[in-house]
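As structure tokens, the structure follows; a few thoughts come after it.
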Protein chains: 2
Amino acid sequence: MYQIGEFSRICQVSVKTLRHYDRIGLLKPAEVDRFTGYRYYDRSQLERMLLIQKLKRYGFSLEDIHILTRAENKGALREALLRQRVILTARQQEIGMTIRDLTLYLQNLEGTGDFMKTANKYDIRLAETERRTVLTYRQRMSVDDFGRYFSKLFERSAQEHFTPTGVTGAIYHDKEFDRDSSDIELFIGVKEEKDTEVMKPRLCAATLHRGSYSTLSEAYAALVSWIEENGYVWDGAPYEIYTKAIWSGCAVEDWETEVYFPVRKK
Amino acid sequence: MYQIGEFSRICQVSVKTLRHYDRIGLLKPAEVDRFTGYRYYDRSQLERMLLIQKLKRYGFSLEDIHILTRAENKGALREALLRQRVILTARQQEIGMTIRDLTLYLQNLEGTGDFMKTANKYDIRLAETERRTVLTYRQRMSVDDFGRYFSKLFERSAQEHFTPTGVTGAIYHDKEFDRDSSDIELFIGVKEEKDTEVMKPRLCAATLHRGSYSTLSEAYAALVSWIEENGYVWDGAPYEIYTKAIWSGCAVEDWETEVYFPVRKK
DNA sequence: GATAGACCCTGCCCCAAGGGGAAAGTCAAG
DNA sequence: CTTGACTTTCCCCTTGGGGCAGGGTCTATC
């Protein structure tokens, strides 16, 4: 039996953490003195602690660990590990991209001395968009997993024998941005006219964004600046068309997104 | 001038976040209506917001961003970016190791069905340690940056013309573990007898740990279990000897650490 | 001019995973 | 018997915001 301090040394975990885990029920001491409240740990706690730390390194929350380590959840653990591996791989690649971006920014900073400059590499064009017939699916959803909802549209398209044109996009109806809950209308282009929605031709300012969505705001900013400088005003819900995305099977740095802002002359 | 909602859409940032940044002074609106409290943003805020998001992606805290983006800190920003690139690179590699470890664990789980097992790959040996003459430096420090303090010892060794034996290690005097503040005594072996400390021969349980320090607790646990099973008791401050570490110039997965626990027969 | 609906405000409490520190109780050795 | 090391509980603090309540404002439409 080890006192909390010794156990802390062995596990390489602070005493505070051990008390925290006791309180949330994640790791109860083998014994607690009824009169003094002293906690005593033994080797079975040690094993469990190693497991907890391992899963924590893998990126699980304490709550997840709590659930996954209940003996009956062996299958769930396996699934969770597989999922987590995907998440970690994605995170690793994102860090790689971040490093490349940082390096570029650093070069720019050293070259120009301007730390505001964010490499405004966006070609803005003014375009009368073409008329599109589309299937749509509108719902309040998180911007992070809207990709998952496209399958609904593709299923419907297949079931009802539509002919997809290959266009996939999303309209952002909310004025404000909320990562977890936005009023998003997904659309996929189809050839048929019957039982479809129509996107009418509109005057838009548009540009092409390359790379992951975490820097999309730069495209938005470039568009909005352009609109203001050229005497237009923003007039309607902006939308994006995903010409190359995760489902195109290409690497994230090759993704391409077209961003459209409906505008009118001021 | 944009209302907070529009500005939120443009920057891809929630309204809550904008209000938060206003409150902490990171991004003040261009104008606040004195009567209604409405916030109005314009394009210079937009540029600043892009910068903030960029630095946030690079892993800086809002406070760091606040400080680094004051115009007079251009030099500090460059330094910080260079440091951050190192940190990101390290993080990326650590994720890589984590993924490999996860994969191993997953295979083990699928093979044995035992989710407790943590691959007990440690050979424990009982050893009478040799007598060592050492230079030491003892201080309360974080376990994460004790490496930095070794330079003090090497400088002293060089100045006072000692002959290093190549042994570097650390004794952990605290009973308990505290990542940010531990009573650690660093030591480097030297040949001379004069003006040095002496580590007397002691009976120790010892083992060799390979890889990064984040899984050192597994070695500790293995040692402690062995000690208990073989009728010894832990008796004194444990210490580690870093036979291959960051300064050996090898990759993190090839690091080698010997862990010693002083023991006596029960 | 009234009203609805969309927008905005402040203020309060909440999250995870603990850290810091105070005040007080416990244990073992000298 | 005292001292010092160790432990306990309790309360507040951190980062970067999210949720919600209660209430004010703006603009278009009737």
Point to revise | Side-chain N,O (A/S14) to OP1/OP2 (C/dG19) below 4.0 Å | key: yes
Check your understanding: B/E63 or A/T36: which one's nearest nucleotide on DNA chain D is closer to the 5' end?
Key -> A/T36
Review point. Distance check: side-chain N/O of A/R19 vs OP1/OP2 of D/dT9, anything under 4.0 Å?
Key: no
Practice item. Assign B/I4 to base, sugar-phosphate, or nothing according to its heavy-atom contacts below 4.0 angstrom with the strands shown. Key: sugar-phosphate
Point to revise | Atom-pair distance (CZ on A/F35; P on C/dT26), nearest Å | key: 11 Å
Check your understanding: Which residue lies toward the 5' end of DNA chain C, A/Y40 or B/K16, if each is placed at its nearest nucleotide?
Key -> B/K16
Review point. So, is B/T17 close to the D/dG18 phosphate, meaning a side-chain N or O under 4.0 Å from OP1 or OP2?
Key: yes
Check your understanding: Is the distance from OP1 or OP2 of C/dC27 to the nearest side-chain N or O of B/K175 less than 4.0 Å?
Key -> no
Review point. With distance as the sole criterion, do the side chain of B/Y38 and the base of D/dG24 form a donor-acceptor contact below 3.5 Å?
Key: yes
Check your understanding: Side-chain N or O of A/Y21 less than 4.0 angstrom from OP1 or OP2 on C/dA17?
Key -> no
Check your understanding: Between A/Q3 (CD) and C/dT26 (C1'), how many Å, whole number?
Key -> 9 Å
Check your understanding: Would you say B/R39 reaches C/dC8's phosphate, i.e. side-chain N/O to OP1/OP2 under 4.0 Å?
Key -> no
